[in-house]
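Computed from a predicted structure; not experimentally measured. Sequence lines set the chain letters: A, B, ... in the order given, protein chains first and strands last, and positions in each chain run from 1.
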Amino acid sequence: MAEKASESSNSISLNTVDGKIFKVSPTIANQMQTIQSLIKAYDSSRVISLPHVNAFHLSKIIEYLEGKSATTVSAVKEFEAQFMKDLSLKQLKGLLIAVGYLKVNELLELMPKTVAKLIENKSVEFLRKFFGIVNDFTPSEEAKIREEIAWAFDGVDED
Amino acid sequence: MEESPKACSSFSLSVEQAPPESPHEALFLVLSYLTVYELLLISQVCTSLRDAVSNDVLPWLNLVVERPLSYRLSDEILLKITSKANGSLKTLALINCVHITDQGLQRVIEQNHLISKLYIPSCTRITPEGVLRSVEILCQGSHSLSSIMINGIYNIQKEHLDMLSFYLRKNQSLEEQQMKQPIYYHERGNLSVFEKKQRVIDLEICPMCFEVRMVYDCPEGECNKRECRGCSFCIPRCENCGRCLGSQEMEECACGDNLCLDCWLKEFPKCSFCNKPYCKQHTSWWYNSSDPGFICKVCEENSHGYTYTDESVGAAEAIIAQHWSQTIK
């Protein structure tokens, strides 16, 4: 998929932390703000190394950007849904870091939405288990925070 | 694309060096995209997330209150949670918050002059005058307000709309800006607050009945008529695809909404008694029974708890047949 984009002569080479080189078209590269600013600084012939991004994450990002640019609105929605569905939670977290680093705005919007969907209507206990986080509150701290936000969770019936 | 989770973890960066008990760095990135409810929920998970939520300004710049919180939000609580943004609130989205009053909104607006998106759809206690006052405050001085949503606020008249567009108009004419952002009927429910391009004002004057209403466009390629813009009263639309409906191709759903024939044929399952599907908005309305057959709520209620099975239908048919044969005799 990356090869397809390299047809144009002025493609941009990206070197990931695990040494794999990706060639992407300028339109794709420009959608990653971090790279966009790097292109401006360098001349385009140079290989841009990305010490914080691995090959898997970059390939996923490129896959997303290519899939997104090609099709109509409803097809994009479908593609986005499938794209997020294919990711495991662990991949999602890692990819989110990479996306945050590369500043891919569209994904930076889509992915938190997906995570937000995951935690929708879930209990605190579920979230701890789901994300593998240990409860490090002391009982008094926990009671305090419960009290602070009681307005949101207590009293009123679910509608 | 295919990769085992193990390989993925060995690839992963400095993040994984942290002990597995503390939250993943990615979670902190997510915070600023969460709604208030999710923020409060996640602040209860552990100390570092609590601190990130309560001490950081970033998660609170885009404030989104949706169900189930919207009915519980009072003016005081709104003031409290907006104060976390330190006066630099960017988005204020109160979806259907029925307890917020004009005064409550105005107090928040007075402290946050940088709001660029003000979404208060169906906040029914806010009046058009209250909206006008708030928008006026925001449009003085630096004027960062770019988009408002006020659908569902009662009694908005043309004069109000004129005043609002007068405040909000920058360089382009309002109509020009509106045309670039079509609103589709079937997408009216999924409000995406973080979307960059939004209409300046969601309401406009319906070109057909000249009332202030939400005016919907026909989705591209679905309709060849040019003048096909209008409010939902003037132009009935398909609940699933948003295209306009002529009277002959309107098909009813079990929820009372209308579908075009194409969508109606495509929509499954259909009620095993009345043969109507639910539209996409109401798929959760199916009567839950262990029975594999689908029965819509209306048919379930009409059955008075007796489920229609082939046998009972067969029995009913037999009774009717008997009745007829007797009357004929």
Student: To the nearest 0.5 Å, tell me how far A:Lys93 NZ sits from B:Leu27 CG.
Tutor: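 Nearest 0.5 Å value for the NZ-CG distance: 6.5 Å.
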Student: Would you compute the distance between atom CD1 of A:Ile149 and atom CZ of B:Arg50 and round it to the nearest 0.5 angstrom?
Tutor: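 A:Ile149 atom CD1 to B:Arg50 atom CZ measures 11.0 Å (nearest 0.5 Å).
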Student: At a heavy-atom separation under 4.5 Å, does A:Glu125 approach chain B through its side chain, its backbone, both, or neither?
Tutor: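 No part of it gets close to chain B.
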Student: Would the number of heavy atoms belonging to other residues, nucleotides or ligands and lying under 6.0 Å from NZ of B:Lys80 be above 12?
Tutor: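 Not buried by this count: 12 neighbours or fewer within 6.0 Å.
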Student: What heavy-atom pair brings B:Leu41 and A:Ile119 nearest, and what distance separates the two atoms?
Tutor: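 Closest approach of B:Leu41 to A:Ile119, heavy atoms only: CD2-O, 3.8 Å.
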Student: Is the number of heavy atoms from other residues, nucleotides or ligands under 6.0 Å of B:Lys84 NZ greater than 12?
Tutor: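 Yes, NZ of B:Lys84 has more than 12 neighbouring heavy atoms, counting only those of other groups under 6.0 Å.
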Student: Can you tell me how far the OG atom of B:Ser54 sits from the CD atom of A:Glu148, to the nearest 0.5 Å?
Tutor: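 With rounding to 0.5 Å, OG (B:Ser54) is 7.5 Å from CD (A:Glu148).
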Student: Please find the pair of heavy atoms, one from B:Cys46 and one from A:Asp136, that lie closest to each other, and give the distance.
Tutor: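 For B:Cys46 versus A:Asp136, the nearest heavy atoms are CB-OD1, 3.2 Å.
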Student: What part of A:Leu95 gets within 4.5 angstrom of chain B, counting heavy atoms only: side chain, backbone, both, or neither?
Tutor: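 Neither part.
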Student: What part of B:Leu49 gets closer than 4.5 Å to chain A, counting heavy atoms only: side chain, backbone, both or neither?
Tutor: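 For B:Leu49, side-chain heavy atoms alone lie under 4.5 Å from chain A.
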Student: Return the CG to CG distance between A:Leu96 and B:Leu29, rounded to the nearest 0.5 Å.
Tutor: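 A:Leu96 CG to B:Leu29 CG: 5.0 Å, rounded to 0.5 Å.
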Student: Mind ranking A:Leu87, A:Thr138, A:Leu108, A:Leu127 by heavy-atom pairs under 4.5 Å with chain B and telling me who comes out on top?
Tutor: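 Looking at each option in turn, the highest pair count goes to A:Leu108.
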Student: Looking only at heavy atoms, what is the nearest atom pair of B:Val45 and A:Phe137, with distance?
Tutor: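 So the two residues come closest at C-CE1, 3.8 Å.
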Student: Of all the heavy-atom pairs spanning A:Arg128 and B:Gln44, show the shortest one and how long it is.
Tutor: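 That closest heavy-atom pairing would be NH2-O, 2.8 Å.
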Student: Looking at A:Ser123, A:Pro112, A:Gly100, which has the largest count of heavy-atom pairs under 4.5 Å with chain B?
Tutor: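 Option with the top pair count is A:Pro112.
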Student: To the nearest 0.5 Å, what is the distance between CD (B:Glu76) and CH2 (A:Trp151)?
Tutor: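 If I round to the nearest 0.5 Å, the distance is 12.0 Å.
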